Amino acid sequence: MNTQEAAMDMDLRRIDEAEQWMATLREGAMDEGTLARWLQWSADARNLQEFERLQQIWSGVGQLGADAWGASRERRGAGRAHLRLALAASLLLVVGAGAWLAWNAIGDPNMRTYGTAVAVTSDIPLSDGSRVQLGPVSTISAQLTEATRLVSLDAGEAYFDVARDPQRPFIVAAGEVRVTAIGTAFNVHKGSGHVRVTVTEGAIRVNAPGNAAAEAKAGQQVEYALAERQLSVSSTDTAVATAWRSGVLKFVDEPLRNVVADLNRYSERGIVIEDAGLEALPYTGTVFTGRIDQWLVALEDAFPLYVEDSGRARVRLKMK
Amino acid sequence: MTDDPQSHAHARTVAELFRKYNRSLVSLLAARLHSVEEAREVAQEAYVKLLQLDRPGAVSLLQAYLFRTACNLAVDRVRQRSTHARLFNEHAAEIFDEVAGAQEAIETRALAGEELRMLQTSLSELSEKCRRTFLLYRLEGLEQQDIARRVGITQRMVRYYTSYALKYCRLRMGGVPAEDTRDRLKRITKEPR
């Protein structure tokens, strides 16, 4: 490294320190230790000057205000949702039986489809004032008309905060199950073998094939098992089902295959259960969606398995 | 304040503190208050409080007292401001954006026309996610966890992006070419995995 580069790195380090100080002073508690360290650091005039320079740019962004968004301005509030009409049409074909005929309006201009990628969640405001928080690798199609509000959860998981409108029922279809909201907020999780609806506010009614129906209110959960085609209602801690909204996944006695299926919506690297004997192991615990690798390490202590991580696209869970 | 020699001596001490620490104090306050103008006002209040002390102690104690007082005053100010902000939000959320913008504009030593354009260019060179994270933080004042949820990234990435964006703009505005800036920032910060 030559002298010039060394000098540049020194400046760079100062910029980095100044930025860290800005963050600390902005948000950290001002205890005596912090104050003392700040006085020491800012006693160097070059440090202080760099700090003021960053402060000036920070203020400059405030001066720019809305202009700072530039070309991306119109994307504000729209989240990462994007239109996938073609996909919606093909998914809708699967739905079209009996009570689901309403969904056959393919190509309807009122239809909007939103999807998310791996590890991405998205807030979607609907035109009626309802809000949908879409989990990762999830797709919904929304069709809002004067008479009804229909949303189909085609894949994954979503939390619905429904705007009150007694004249227009809000209906969520998830596979074979249909959830009718009665002024309410609830979470719908569509797994490979089940649909699970958790009510956090108000009440809902769930319909499934064969005239099966169930009602549930805040604090309750309705589970539909695809194999048995049965609905069951139980009391639940709704915080477990909605924890994903704050970046945490919580499980209570959940079969490992379901846990892994959920985590795979958050992890760029797929997790694969190699031995069928592991699939049904009940898991209870918390997973931070940003720390799935650490969770895998801890899993080896909890279960008779080992994690084969060759650093490639897949991580394999094998029986010990 | 009485006109005795002791109080004169005290005033001199405060003046000395001002000369020595004012920039450091105003910088600290500006970071907390997001406004250099308000930082100066709060600092001034703190000096007045210091002058009004009945039994001033040693200089080193006074210095700690000055910073402590100023920090407390800043906290009060932020509290008052947030009450205002809430009222504004309830009544006219869209107007508030403009008001906030206008308040920022009265900051002293503000960036001038050409500099602002350069800043805008620098921001536009950032990745969409990075820019969005930074602006949600800086302009919308969202909490890190809310930004993480909205952008679909971890809280650690929120911190990384906000830090990266500011440093990126700093280097670009210091005349470093875009590619060079990216290379240099890579040297000091690693993207969290």
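Computed from a predicted structure; not experimentally measured. Labels below follow one simple rule: chain letters A, B, ... track the order of the sequence lines, proteins then strands, and each chain is numbered from 1.
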Practice problem: Would you check if A:L35 and B:L28 make a side-chain contact, meaning some heavy-atom pair closer than 4.5 Å? | Solution: yes
Quiz item: Donor-acceptor pair, A:T121 side chain versus B:R149 backbone, under 3.5 Å?
Solution: yes
Self-check item: Toward chain A, the part of B:A148 with a non-hydrogen atom under 4.5 Å
Solution: neither
Practice problem: Measure A:L48 against the heavy atoms of chain B and call it side chain, backbone, both or neither at under 4.5 Å. | Solution: both
Quiz item: More than 12 foreign heavy atoms under 6.0 Å from CZ of A:R291: is that the case here?
Solution: no
Quiz item: Can you tell me how far the CZ atom of B:R184 sits from the CG atom of A:D16, to the nearest 0.5 Å?
Solution: 13.5 Å
Quiz prompt | Atom CD of B:E125 with >12 non-hydrogen neighbours under 6.0 angstrom | solution = yes
Quiz prompt | Close side-chain approach of B:R170 to A:R53, heavy-atom, < 4.5 Å | solution = yes
Exercise. For B:L116 and A:G60, work out which heavy atoms get closest and say how close.
Key: CD2-O, 3.7 Å
Quiz item: Considering only heavy atoms, which portion of A:E50 lies under 4.5 Å from any heavy atom of chain B: side chain, backbone, both, or neither?
Solution: side chain
Quiz item: By a 4.5 Å heavy-atom criterion (distance strictly below it), what part of B:E143 contacts chain A: side chain, backbone, both, or neither?
Solution: neither
Quiz item: For the residue pair A:E52 and B:S27, what are the closest heavy atoms and their distance?
Solution: CG-OG, 3.6 Å
Quiz prompt | Side chain to side chain, A:W69 and B:R132, heavy atoms closer than 4.5 Å | solution = yes
Quiz prompt | Shortest non-hydrogen separation from B:L135 to A:A68 and the atoms involved | solution = CD1-O, 3.4 Å
Quiz item: Do B:R138 and A:W58 meet the cation-pi criteria used here (NZ or CZ under 6.0 Å from the six-membered ring centre, within 45° of the axis)?
Solution: yes
Exercise. Identify the heavy atoms of B:A31 and A:L25 that sit nearest to each other, and give their distance.
Key: CB-CB, 3.8 Å
Quiz item: Say you draw a straight line from CG of A:L64 to CZ of B:R117; how long is it, rounded to the nearest 0.5 Å?
Solution: 10.5 Å
Practice problem: Would you mind checking which part of B:Y137 comes under 4.5 Å of any heavy atom in chain A, side chain (CB onward), backbone (N, CA, C, O), both or neither? | Solution: side chain
Quiz item: At their closest point, which heavy atom of B:S24 faces which heavy atom of A:L39, and how far apart are they?
Solution: OG-CD2, 4.1 Å
Quiz item: Looking at B:R68 and A:E32, does any basic side-chain N land under 4.0 Å from a carboxylate oxygen?
Solution: yes
Quiz item: What residue in A:T24, A:D293, A:L54, A:N47 has the most heavy-atom pairs under 4.5 Å with chain B?
Solution: A:L54
Quiz item: Heavy atoms, side chains only, cut-off 4.5 Å: are A:F288 and B:Q155 in contact?
Solution: no
Quiz prompt | Under 4.5 Å from any heavy atom of chain A - which part of B:Q120 | solution = both
Quiz item: Of the backbone (N, CA, C, O) and the side chain (C-beta and beyond), which part of A:D31 lies under 4.5 Å from a heavy atom of chain B, both, or neither?
Solution: backbone
Quiz item: Between B:T154, B:L119, B:V26, B:L171, which shows the greatest number of heavy-atom pairs under 4.5 Å with chain A?
Solution: B:L119
Quiz item: Does any heavy atom of chain A fall under 4.5 Å from the side chain of B:S163, the backbone, both, or neither of them?
Solution: both
Quiz prompt | Approximate separation, where rounding is to 0.5 Å, of A:Q56 CD and B:L111 CG | solution = 4.5 Å
Practice problem: Before accepting this row, confirm whether a basic side-chain N of the pair A:E19/B:R159 lies closer than 4.0 Å to the acidic partner's carboxylate O. | Solution: yes
Quiz item: Do the charged groups of B:R150 and A:D123 touch, with an N to O distance under 4.0 Å?
Solution: no
Quiz item: Can you tell me if CD on B:Q44 sees more than 12 non-hydrogen neighbours from other groups inside 6.0 Å?
Solution: no
